[in-house]
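Whatever order the structure lists ligands and atoms in, that order sets their numbers, starting from 1. The shown structure was predicted, so the numbers you read here are calculated from the model rather than taken from an experiment.
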Amino acid sequence: MAQTTETALDVVVVGAGFGGIYALYRLRQIGLKVRVFEAGSGVGGTWYWNRYPGARCDVESMQYSYQFSPELEQEWDWTEKYATQPEILRYANHVVDRFDLRRDIQFDTRVTAAHFDEQSNRWQVRTDKGDQVSAKFCLMATGCLSATNVPNINGLDSFKGSVYHTGQWPHEPVDFTGQRVAIIGTGSSAVQSIPIIAQQAKHLYVYQRTPNYAVPARNAPLAPEVKKAIKADYAGLRKRALEMPAGFAFEFNPNSALEATPEERQREYEKRWTAGGLPFMGSFGDLLFNHEANATAAEFVRGKIHELVHDRAVADRLAPKTILGCKRLCVDSGYYETFNRPNVTLIDISGEPIEAITPAGVKVGGNETVVDALILATGFDAMTGTLLRIDIRGKDGLSLNEKWRAGPRTMLGLMTAGFPNLFTITGPGSPSVLAMMILAVEQHVNWVADCVAYMRKRGLARIEPTLDAEDKWVSHVNEVAAPNLRSTCSSWYVGANVPGKPCVFMPYIGGFPLYVRKCDEVVAKGYEGFSVA
Ligand code: N01
């Protein structure tokens, strides 16, 4: 592709997922010249890449959608309680076409470098297609779960069969009929895909290092009267969602599990289990703050696993002994029941890691299991992975990799000191993965758009957080994380899944409403904590 040099851009946006799409819409709306670079051949971000069988959102579809356009809310018709990946991708494409956004998105183009030029106060951005553009602002809408984590297992490259990563699934459906298949990992992606792959495969071998808790989704078609009722007061639903820590509305019981009687607890857990989905975590207010309270819910789920899985030894291996919800709770459709199938084998590698991938299969403890296909459901270098794979340099040539060597440091998860005019959408230090993502990206983009408009109105050239404000924000992020059990586990929330990654609890867990208040306060005080010139 020909090299292009463009000096007239106001903003470069990296990524055309839900964040990048809305950024283009909103920034264009305030009169800015914007170009979006997208590595994929289409829009949708996480929903573009994660095409594995069974991929589906775990937030209800009527809530997992944009709210910036009441017309869009009314006209789009979700078909199921939890939308599938293809349906969400159709929605993303619909939004892009409805608001005429596609013409400013350059596909199949990965941004490789972004350097800040202090003389011109502009970002110089380069891509793998040879583009070199300059823009006053650079907005990283690169997603939290977009850099795949490929495990460093001996011999992986030698495997002669097909290898898939759930986060980079082929566009054409993969048919495993008649094949022997191995899947490594038992996180959300595996929990969703295993039941479907098991229906096709001749035999499925599941390599489990750590069992995960899953609650049933109880997915179902959306009844017309349910949709009608929500659409009659969409604003009301959005308002209720905004008041919730995770930014989506569900019934939350603030009472302590320990103050309830065993019968009351059982009733509450049973009710939530029957209703299905993530609201299970809302059974009691202290499940994520008190080990003893958490243990009551964990015990309940372990009991359910034993009811669902016929073989006691298999059920034992599937039942986690860890804190419920410490790693992200999985939402499943027939996961545990799948282990009753004669063509599914659970291989526990908690005590003995995979020794090697051989040309023919997977070797553990000297035993080789021969397979035709290998699926890596091994997750992502979350929150910081994609950003740090780009050569980002701020003032004095400081690289973001260098600055974040001991863990990410941001102000509000939106900016980082030393990198003027660079914004991160759902960056580390913001609620991001702990909130309803589309709400989170809309709130971030609105904050950025208001900030840029403020600067243009006053003829200002650059903005960045002060080191002092950033330090205070990082301390606050750590302070709210400390009492929460989620900060205590080896999960991708803390970077523990990627060897060598600094262990820092990355998302902001103070709740979406408090976070929004903090963002608004900063603006109300004339961008307090930021140096603006
Ligand atoms: O990835 P994960 P994911 N040898 O990191 C194992 C979102 N999401 O793609 O736990 C053996 O959770 C690893 O084992 P361990 C959601 O936020 C949402 O499933 O580290 N095993 C683990 O079992 C989710 O949390 C939806 O011991 C290895 C698995 O691979 C996030 O994305 C659907 C290994 C990775 O699990 C990530 O989910 C899907 C090795 N060397 C995803 N390396 C919904 O909306 C890793 N593992 C429903």
Side-chain angles (χ1 to χ4, degrees), residues 45-47 49-61 63-64 81-85 88 143-156 164-169 182-195 205-217 219 246 248 276-278 318 320-322 325-333 335 346-357 362-364 374-383 385 426 432-438 486 489-499 501 506-507:
T46 199
W47 301 106
W49 297 104
N50 286 269
R51 296 166 186 248
Y52 60 84
R56 184 186 282 285
C57 190
D58 58 7
V59 174
E60 292 183 17
S61 55
Q63 299 204 51
Y64 190 82
K81 181 177 174 192
Y82 296 105
T84 59
Q85 173 271 332
I88 301 172
C144 295
L145 295 160
S146 43
T148 51
N149 177 35
V150 176
N152 185 12
I153 303 177
N154 261 341
L156 185 54
Y164 307 94
H165 191 292
T166 48
Q168 280 182 336
W169 202 260
I183 183 165
I184 302 176
T186 49
S188 297
S189 304
V191 161
Q192 287 189 326
S193 53
I194 282 169
Y205 300 91
V206 178
Y207 290 83
Q208 173 188 274
R209 188 164 69 181
T210 316
N212 246 321
Y213 292 97
V215 296
N219 184 46
F248 64 95
L278 293 175
L318 284 169
K321 313 289 178 289
T322 44
C326 202
K327 289 188 175 195
R328 177 151 175 136
L329 185 65
C330 301
V331 177
D332 82 289
S333 296
Y335 175 65
L346 179 69
I347 301 179
D348 182 353
I349 51 167
S350 57
E352 184 160 29
I354 294 171
E355 189 181 324
I357 304 293
V362 183
K363 202 168 179 184
V364 179
L374 176 64
I375 300 170
L376 305 173
T378 46
F380 302 89
D381 182 352
M383 312 275 311
T426 62
S432 55
V433 291
L434 299 178
M436 199 283 270
M437 282 303 271
I438 301 186
R486 272 199 177 122
C489 294
S490 308
S491 66
W492 59 257
Y493 291 133
V494 298
N497 62 328
V498 176
K501 190 166 171 167
M506 292 181 285

- Do the side chain of T186 and the main chain of T210 share a donor and acceptor less than 3.5 angstrom apart? yes
- Message: For the CD atom of E355 and the CD1 atom of I349, what is their distance to the nearest 0.5 Å?
- Response: 12.0 Å
- S61 side chain to K81 backbone, donor-acceptor under 3.5 Å: yes
- Message: Distance under 4.0 Å, heavy atoms only, partner ligand 1: which residues pass?
- Response: Y52, R56, C57, D58, L145, P151, I184, G185, T186, G187, S188, S189, Q192, R209, T210, K327, R328, I349, A377, T378, G379, F380, W492
- Task: Please name all residues satisfying side chain to side chain donor-acceptor pair (under 3.5 Å) with S491, sequence neighbours left out, ordered by chain then number.
- Result: none
- Residue list, side chain to side chain donor-acceptor pair (under 3.5 Å) with K501, at least two apart or on another chain: D381, T384
- Query: Who are the side chain to side chain donor-acceptor pair (under 3.5 Å) partners of N219, not counting sequence neighbours?
  - Reply: E80
